[in-house]
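Labels below follow one simple rule: chain letters A, B, ... track the order of the sequence lines, proteins then strands, and each chain is numbered from 1. Here the structure is a predicted model, which is why all the values come from computation and not from measurement. We use all heavy atoms of the structure for the numbers below, so side chains are in, but hydrogens, waters and symmetry mates are not.
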Amino acid sequence: MFFILEGCLTCDNLVMTISNSQQDSMLGGLNDKQLEAVTLPAQSALILAGAGSGKTRVLTTRIAWLIQTGQVSPTGLLAVTFTNKAAKEMLTRLTSMLPINTRGMWVGTFHGLCNRLLRAHYREAGLPQTFQILDTSDQLSAIKRVMKVMNVDDEKFPPKQVMGYINSCKEEGLRAHTVEAYDPHSQRMREIFDEYDKQCQREGVVDFAELLLRCYELLGRDANIREHYQSRFRYILVDEFQDTNRLQYQWLKLLAGHHNCVFAVGDDDQSIYAFRGARVGNMRDFEKEFSIQNVVKLEQNYRSHSNILDAANAIISNNNNRLGKNLWTAAGQGEPVRLYEAYNDIDEANFIADEVKMLHGEGWALSDIALLYRSNAQSRVIEHALFSNNIPYRVYGGLRFFERAEIKHAMAYLRLVSNPEDDVAMLRVINFPTRGIGARSLEQLQEAARAQNCSLWQAAINKVGNGKPGKGLDGFVALIKQMQDDAKGLTLPEMAELATTMSGLKGFYQLEKEGEDRIANLDELINAAVTFINNNHDALEDGSDGLLEFLTHASLEAGEHQADVGADALQLMTVHAAKGLEFQAVFISGLEEGLFPHENSTFESNGLEEERRLMYVAVTRARKRLYLSHAQSRMLHGQIRYGIPSRFLDEIPDALLKRLNSRQVQKPNMSNSSMSNYGYGQYQSAPSNSSEQKSAMPWKIGQAVAHAKFGQGVVVSYEGNANDMRVQINFGREGMKWLAMEYAKLEQV
DNA sequence: CTTGAGAGGTTTTTT
DNA sequence: ACCTCTCAAG
């Protein structure tokens, strides 16, 4: 995603001539509510769009309708999403509906649009023209650097925590000089925040949150720019509105001014990102602050059979504070929701593998089947089972292309070619591949830069002049200069090639034992550069090599997780990653208290409701068939833990369920469930013939015991040998304790 | 500068 | 259990 300056927009003069039949075909097939939403009059509106209710279709058709009926020109509207994928999807659908060139339209992510605005007004925003964007790992190392200079104890101030603090401040719209801090610890945090921002400013870099905040501040401060965009974007459309954070909402309000129309689409029941700052409350605020007359509810679901939908509705009805919505479907009842109670995680995995094989044998495409879990750690056991059963699968999540170390290294060389004063890039590759610049010399260089108040590159130049080829700092300076010279006149792919070879990266990985993948990725980077140029060459200004734009693209769009998208493979992902997707068949695994809902969620306010929404999202991914499974025990953090079935299972009416195995699982006594009822704290009788049992074990796992001080508990695990045996006991509200058998006087209950 | 042992941590994620 | 990071020895 990159910027196009005002004036070179391509679609302003496009004249739309529409026939009624064209419009009919565009609006055809919409239900009453969808049609109402699409053709709302010129005022702000909130669309409550349930899962599978045709949300994206309504959003894009609304845009097409606004354009086609001449209410707005393509460049007079702004549509914002959270992911690049969603933005791309919107543009693709739009081009299939209207004969327009979407280039120049302001459709993109919050970050992409802010970047575009800041590029266009970099001077007013106080940024260098070539400002670079820090991704999360760049930001973390920048913070570590600041803390080192400031002599901050990173035991008391873990850099990750500092990063979280800085980002959440910015997402609340706060700066170091506006954030409140009354105790010494937060005052120190604030100082680091301040120094970090100063360092970023010196180095000409912005982090993700900064893109938004900087843009927001620019619009707030500069009336000319603000009024320009306010008078331009008469229509603003927001996707996944329930996921907006405070700053994003403020930004929208600023852009909307008093007269523009904001069309916000969202679903409070699918708000699952509070942990990263999303504020569902923005929906109610929006309703009030924009005096919304029209809350249109899209409640007809086109995705799932009614048994699945009824299960989802039953689950979500346990939440309070909903805006209120009940999905229905015209599709039939369909099959019952299948429930499997596994003995342990391996049993669960084998069950899933067997069932997938069966489905595949019946003709279901593997890519139409998804396996969902609450946390990534759960995929391991399942992957093992799938692998032994020769079932192809694809795991979503993990490192994205532009986040891989070798790619980040190559990109750092490209960044230095573009601007050698880029300290972040310099630090990344100054000694990679190693060229004899150790921690000591690096520290000296950083000191020199600080003393001279200049970039690392300047300091290096001052130290070695033009540098001599070879090792050490001399060699590095000479190398970068040489690369800059050689890059002149090259195309972007040629530069990428230069960055991977001349830097010595390729040579380095060729010597590595397991470097083949990395070399393949480096080659892929050259392909990525070719693709980038092909996709964007009309948007690039004449004479531009596209390097700067490519660097921005890499920061803002981290690329696909994995390359082989096309193959027919079972889809494995977290429930979060599944949001927005749909599958013919869905397995939701690990439905145990403590795992789903996750035990940590109970520490957060409204955490349990968010977990329930997560469950709602998971269930509503399924079209035809839904499997739910839980295990009596599973390996977690190297220990066997015993879990009781998730409360979400109890929330599904029995009539909708089909229990696939008749193994009787003793349910816990729910009558005393007012106290901490979460986590693996709850237990059940473990099978007494557990094969994990060791002979030296005095108590069985699952055995109920009593302790003089902690009261009643249950044995969860044990370690050590006969002489030094320790048992882990869950004492419920007293918590989990490790006790030495020798001293603890336990009584069997 | 590279290597290996030990410690610590382990919900979810996009930009 | 397993992965990442740190620190001391080679």
Could I get the full list of ring pair (Phe, Tyr, Trp, His ring centres under 6.0 Å) partners for [X], not counting sequence neighbours?
X        : value
A/Phe387 : none
A/Phe596 : A/Phe648
A/Phe476 : none
A/His576 : A/Tyr273, A/Phe275

What's touching nucleotides 1-6 of chain B from the protein side, N or O pairs under 3.5 Å?
{"unit_1": "B/dC1", "atom_1": "OP1", "unit_2": "A/Asn431", "atom_2": "ND2", "d": "2.7"}
{"unit_1": "B/dT2", "atom_1": "OP1", "unit_2": "A/Thr434", "atom_2": "OG1", "d": "3.0"}

Q) Just how far, in rounded Å, is P of B/dT11 from CZ of A/Arg612? A) 21 Å
Please enumerate all residues that pass salt bridge (charged side-chain N to carboxylate O under 4.0 Å, His left out) together with [X], with sequence neighbours excluded.
X        : value
A/Asp268 : none
A/Glu443 : A/Lys148
A/Arg428 : none

Q: Return each pair, listed once, that meets side chain to side chain donor-acceptor pair (under 3.5 Å) where at least one residue sits in residues 160-175 of chain A; pairs must be two or more places apart or across chains.
A: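 Checked against side chain to side chain donor-acceptor pair (under 3.5 Å) - neighbours excluded - the pairs reaching residues 160-175 of chain A are A/Gln139-A/Asn167, A/Lys170-A/Asp197, A/Lys170-A/Asp207, A/Lys170-A/Glu210, A/Glu172-A/Arg246, A/Arg175-A/Asp197, A/Arg175-A/Glu210, A/Arg175-A/Glu217.
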Restricting to nitrogen or oxygen on both sides, can you table the protein-nucleotides 7-10 of chain C pairs closer than 3.5 Å?
none

Q: Could you encode protein contacts along nucleotides 1-6 of chain C as a string, one character per nucleotide from 5' to 3', using B for base contact, S for sugar-phosphate-only contact and - for no contact, with a heavy-atom cut-off of under 4.0 Å?
A: BSS---
Q | Side chain of A/His598 (C-beta onward), nearest among B/dT13, B/dT15, B/dT11 | A |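 That would be B/dT11.
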Q: For A/Asp138, check side chain to side chain donor-acceptor pair (under 3.5 Å) against everything at least two apart and list the hits.
A: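 Listed in chain order: A/Lys408.
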Q: Would you mind classifying the nucleic acid contact of A/Thr136 as base, sugar-phosphate or nothing, using non-hydrogen atoms under 4.0 angstrom?
A: base
